[in-house]
Amino acid sequence: MIAEVIVDIAHSEIDRVFDYIALSDTQRGQRVLVPFGNRQIEGYVLNLKETSSYDKSKLKSIVRPLDNLPALTDESLQLIKFMVKNNHIKTVDAIRLFIPSDMRKGKVKELLVNKLEVNLTESKEEILKKFRKNAVKQFELLNFIENNKEYYQSELSNKFGSSTVNKFIELNILIKKQEQKLRTPTSEVKEDKINKLTKEQQEVVNQVLEPNIYLLFGVTGSGKTEVYMHSIKNALNKGKTAIMLVPEISLTPQVLSVFKARFGEDVAILHSGLSAGERFDEWQRIRQGDAKIVVGARSAIFAPIQNVGIIIIDEEHDGSYKSESNPRFETHDIAIFRAKFNNCSLILGSATPSVESYYKAKTGEYKLLELPKRVNNQEMPKIQVVDMRSEISSGNTGIFSRQLLNDISECIKHKNQTMLFVNRRGFSSFVICRECGYNAKCEDCDASLVYHKEDKELKCHFCGRRYRALTNCPNCGSSYLRMGAIGTQRVVEELRNEFPDVKILRMDFDTTQNKNAHSKILQEFQNTKPCILVGTQMIAKGHDFPNVTLVGIVDADMSLHFADYRSVERTYQLVTQVAGRAGRADKIGKVVLQTYCPNHYVYRFAANYDYKAFFDREINLRQTTEFPPFATIIRILISSEIEDYAKDIASNINLDITNLKQKYISDFIFCKAMKSPVAKIQKKYRLQLVIRIKQKNSNEIINEIFNIVNKYQKPRASVFAEINPSSMS
Ligand code: ADP
Ligand code: ZN
Ligand code: ZN
């Protein structure tokens with residue numbers, strides 16, 4: 001047999017298959033070692049065939065297989081083909097999504113431990129006679145072991161000394177064995193209480209038995225998680241498996257403990273916070289069919305689980321489901337592929353569906369299911385919009401309105417908990433001179449520096465370069481520098497002044513760098529009353545704390561002014577998600593939303609929890625201004641360390657695109673070449689072409705654009721295209 005093998009090297013020139021002579025046990029999808037040039041490298045068998053069009057005497061043979069089970073399942077192989085075609089990525093890049101990165105090149109393997117099995121063929125008395133009288137350790141060991149039991153070699157050696165143990169091995173009383181030890185990610189396991197479903201929940205669970213794509217629009221606290229778990233149980237009962245995706249690692253500890261409690265060993269976990277060994281072992285458990293449920297972040301959609309009975313994407317609107325770096329993909333597309341392949345249902349769940357998903361539900365592409373009420377019929381917390389401009393005009397220049405301070409005091413008095421949300425998506429920690437407007441920027445990148453108070457330094461968030469903090473403006477000498485308009489640190493500091501005796505916790509990027517830091521902070525919050533938790537986006541989602549009665553949004557406008565057509569949508573989602581943290585159990589909750597634009601429609605709809613009205617307004621706007629889902633935005637980004645080279649490529653591409661535009665003149669809405677908003681990152685100059693086309697014929701045009709982009713794949717420059725990018729920086 002001949003095997004078509006793709007080698008694991010990411011260069012566009014070698015993104016094609018090579019023919020090798022297969023071994024007798026070579027299988028499709030297998031990871032193999034092959035000779036390549038004058039070395040041996042890893043490759044994947046994409047196909048097996050009878051004959052090769054090359055001269056067989058010149059073909060080399062596969063050296064050996066690298067796994068027992070093929071690393072790529074048939075489904076994976078088909079999905080790879082689909083992604084190469086639809087996402088315009090290289091086969092090797094697609095394959096890499098399916099394999100734990102440390103498994104490639106054999107950087108991580110099974111963890112084998114030495115065990116010893118007791119094999120007593122005579123009575124202990126008989127054996128004792130063979131030892132010298134003063135062989136105390138040997139007597140002890142003999143007394144300790146029991147026939148046919150197994151012990152860790154390390155345990156026995158520690159207790160009785162390795163020479164004693166070796167002696168027993170020599171005598172064949174202990175027999176060496178190797179056993180695989182699973183490295184299992186730790187997670188606290190909560191006590192499980194299986195809730196009897198409400199009528200509404202049961203209705204949803206019944207509906208999703210019919211394979212389809214469902215958008216589950218359920219308000220926060222409507223019991224979506226319980227619906228997911230019952231649907232998964234239904235799949236398991238039919239002998240099938242399940243994939244459950246959650247947005248971010250910070251969210252997984254809680255979801256994980258709930259899932260572990262209910263499904264135990266059947267659950268495998270895949271997310272970026274695992275050690276290489278843990279990921280490898282979890283992946284193997286899935287591949288071997290030992291784990292039936294995969295719970296994880298975006299990348300878990302590539303898990304090698306077979307016979308899938310249900311796929312769930314929780315918080316489907318979340319930005320983390322879009323991969324923005326190479327290889328780029330949309331998790332929804334992959335999930336839809338897998339649901340169709342397995343003929344099973346896909347549930348997209350959210351309290352604030354993305355405008356595009358809700359549009360698809362309204363136009364029949366998805367089936368809409370709703371849970372409009374909280375399980376316990378608890379009212380949604382009241383959202384009070386506070387006008388910060390009037391705070392300033394009445395002399396309060398602090399970051400907290402009088403209303404918010406009042407409500408925090410009340411909350412503390414009743415020994416309840418407060419969550420304060422600080423929006424960091426925007427440009428909140430820039431250094432700005434209040435006299436001349438000077439703004440400190442990175443010398444290598446065109447990006448504003450961010451002030452880090454703890455280290456007293458400025459950092460570039462694009463390249464990581466650090467600068468000493470400024471005391472005076474380098475431009476005009478003024479000392480009125482504003483550093484860090486509102487960051488979590490500053491909020492915590494001001495809170496400490498106001499409430500010196502109350503426990504204040506902080507959860508943001510900086511405080512969650514250590515493994516398990518997330519769950520430690522959340523655990524402490526859970527156990528402390530009263531307590532204030534200050535945090536970024538990380539605290540906005542999923543958490544279910546019964547004693548949180550107050551949620552404050554310190555500056556809601558931050559994401560509103562972001563240069564992205566989805567910024568209003570994002571703001572709506574954020575406000576609703578954050579508000580959903582309040583009053584989840586039997587206590588009434590309240591939300592204080594601080595803004596400088598209190599009349600913006602997004603706050604009016606959000607305060608009334610009127611998603612449908614918000615959607616109608618937003619979709620109208622998108623239609624009249626021709627933005628997605630009524631149009632597609634394509635950005636081609638060109639970057640190179642050599643500025644003129646980047647400019648050359650950009651103008652050549654621009655010519656090609658202009659020609660394309662002639663062909664599809666009525667489909668082009670917008671087309672412009674420009675400097676990228678961040679014109680330089682890590683010493684690379686960045687130029688971009690932004691194109692907006694109508695939805696009709698868009699697939700055809702996108703294909704042509706990708707063909708143009710592929711023409712300009714050259715060394716020393718990077719050229720790639722993105723569809724509806726969420727960041728234009
Ligand atoms: P969502 O994910 O929609 O925000 P959750 O699934 O977190 O909502 O449910 C909110 C709370 O309601 C949780 O504490 C959950 O245990 C509880 N719950 C869910 N379903 C039921 C039910 N049928 N009966 C009683 N309590 C329920
Ligand atoms: Zn100045
Ligand atoms: Zn920089």
Side-chain angles (χ1 to χ4, degrees), residues 188-208 214-234 242 244-248 250-263 293 295 310 312-318 321 347-354 357-358 368-381 383 417 419 421 522 525-526 537-549 551 572-589 591 606 609 611:
E188 76 169 299
V189 179
K190 281 194 179 162
E191 206 186 318
D192 187 28
K193 60 168 199 307
I194 301 183
N195 293 305
K196 190 176 178 314
L197 295 182
T198 61
K199 209 171 110 260
E200 291 79 10
Q201 285 173 315
Q202 187 61 54
E203 185 63 24
V204 172
V205 171
N206 292 346
Q207 287 259 351
V208 301
Y214 297 95
L215 177 65
L216 174 57
F217 172 33
V219 299
T220 55
S222 60
K224 294 187 288 296
T225 312
E226 199 62 55
V227 166
Y228 301 151
M229 291 201 283
H230 275 79
S231 302
I232 289 173
K233 186 77 194 153
N234 283 342
M244 164 89 198
L245 302 183
V246 289
E248 258 171 58
S250 65
L251 185 53
T252 31
Q254 281 205 342
V255 176
L256 282 185
S257 57
V258 174
F259 270 73
K260 279 266 178 177
R262 182 142 328 162
F263 298 109
I293 305 165
V295 181
I310 190 146
I312 295 156
I313 302 185
D314 191 26
E315 314 272 4
E316 69 85 28
H317 61 275
D318 193 88
Y321 288 122
I347 308 180
L348 307 168
S350 178
T352 52
S354 72
S357 290
Y358 197 77
L368 184 65
L369 302 173
E370 297 187 57
L371 288 172
K373 279 197 297 220
R374 284 186 157 183
V375 177
N376 49 8
N377 282 320
Q378 181 71 267
E379 295 267 308
M380 298 303 287
I383 300 181
Q417 296 171 319
M419 282 173 122
F421 173 73
L522 294 175
F525 185 56
Q526 174 99 30
Q537 260 74 354
M538 286 177 195
I539 66 167
K541 298 168 215 149
H543 305 298
D544 192 8
F545 295 110
N547 295 305
V548 173
T549 53
V551 165
Y572 184 93
Q573 287 161 351
L574 213 57
V575 170
T576 313
Q577 296 291 327
V578 177
R581 300 313 114 217
R584 287 175 72 87
D586 44 7
K587 296 175 180 171
I588 306 269
V591 180
Y609 295 99
Y611 176 83

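Atoms within a ligand are numbered from 1 in the order they appear, just like the ligands themselves. Heads up: numbering here begins at 1 and tracks the sequence. In this text the structure is predicted, and so the values were computed from the model without any measurement.
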Pick whichever of G223, G221, S222 has a heavy atom sitting closest to atom 4 (O) of ligand 1.
->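 Comparing heavy atoms across G223, G221, S222, the nearest one to atom 4 (O) of ligand 1 lies in G221.
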
If the cut-off is 4.0 Å to any non-hydrogen atom of [X], which atoms of ligand 1 fall inside it?
X	value
T198	23 (N)
T225	2 (O), 5 (P), 6 (O), 7 (O)
T220	4 (O)

Mind checking whether V219 has a heavy atom under 4.0 Å from ligand 1?
->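 Under 4.0 Å: yes for V219.
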
For E203, salt bridge (charged side-chain N to carboxylate O under 4.0 Å, His left out) partners two or more places apart = none

Mind checking salt bridge (charged side-chain N to carboxylate O under 4.0 Å, His left out) for E200 and listing every partner two or more places apart, or none if nothing turns up?
-> none

If you count the non-hydrogen atoms of other residues, nucleotides and ligands that lie under 6.0 Å from NZ in K233, is the total more than 12?
-> no

Taking heavy atoms and a distance under 4.0 Å, where does L197 meet ligand 1: side chain, backbone, both or neither?
->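 It is the backbone that gets close, since no side chain atom is under 4.0 Å.
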
Where on K196 is there a heavy atom closer than 4.0 Å to ligand 1, on the side chain, on the backbone, on both, or on neither?
->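 Just the backbone.
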
State, yes or no, whether a side-chain contact exists between Y228 and D314 at a heavy-atom distance under 4.5 Å.
->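 Sidechains of D314 and Y228: in contact.
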
Pairing of K193 and E226 as salt bridge, 4.0 angstrom limit =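 No, K193 and E226 are not salt-bridged.
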
Between F217 and Y358, what is the ring plane arrangement, given parallel below 30°, perpendicular above 60°, and tilted in between?
->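 It falls in the perpendicular class, over 60°.
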
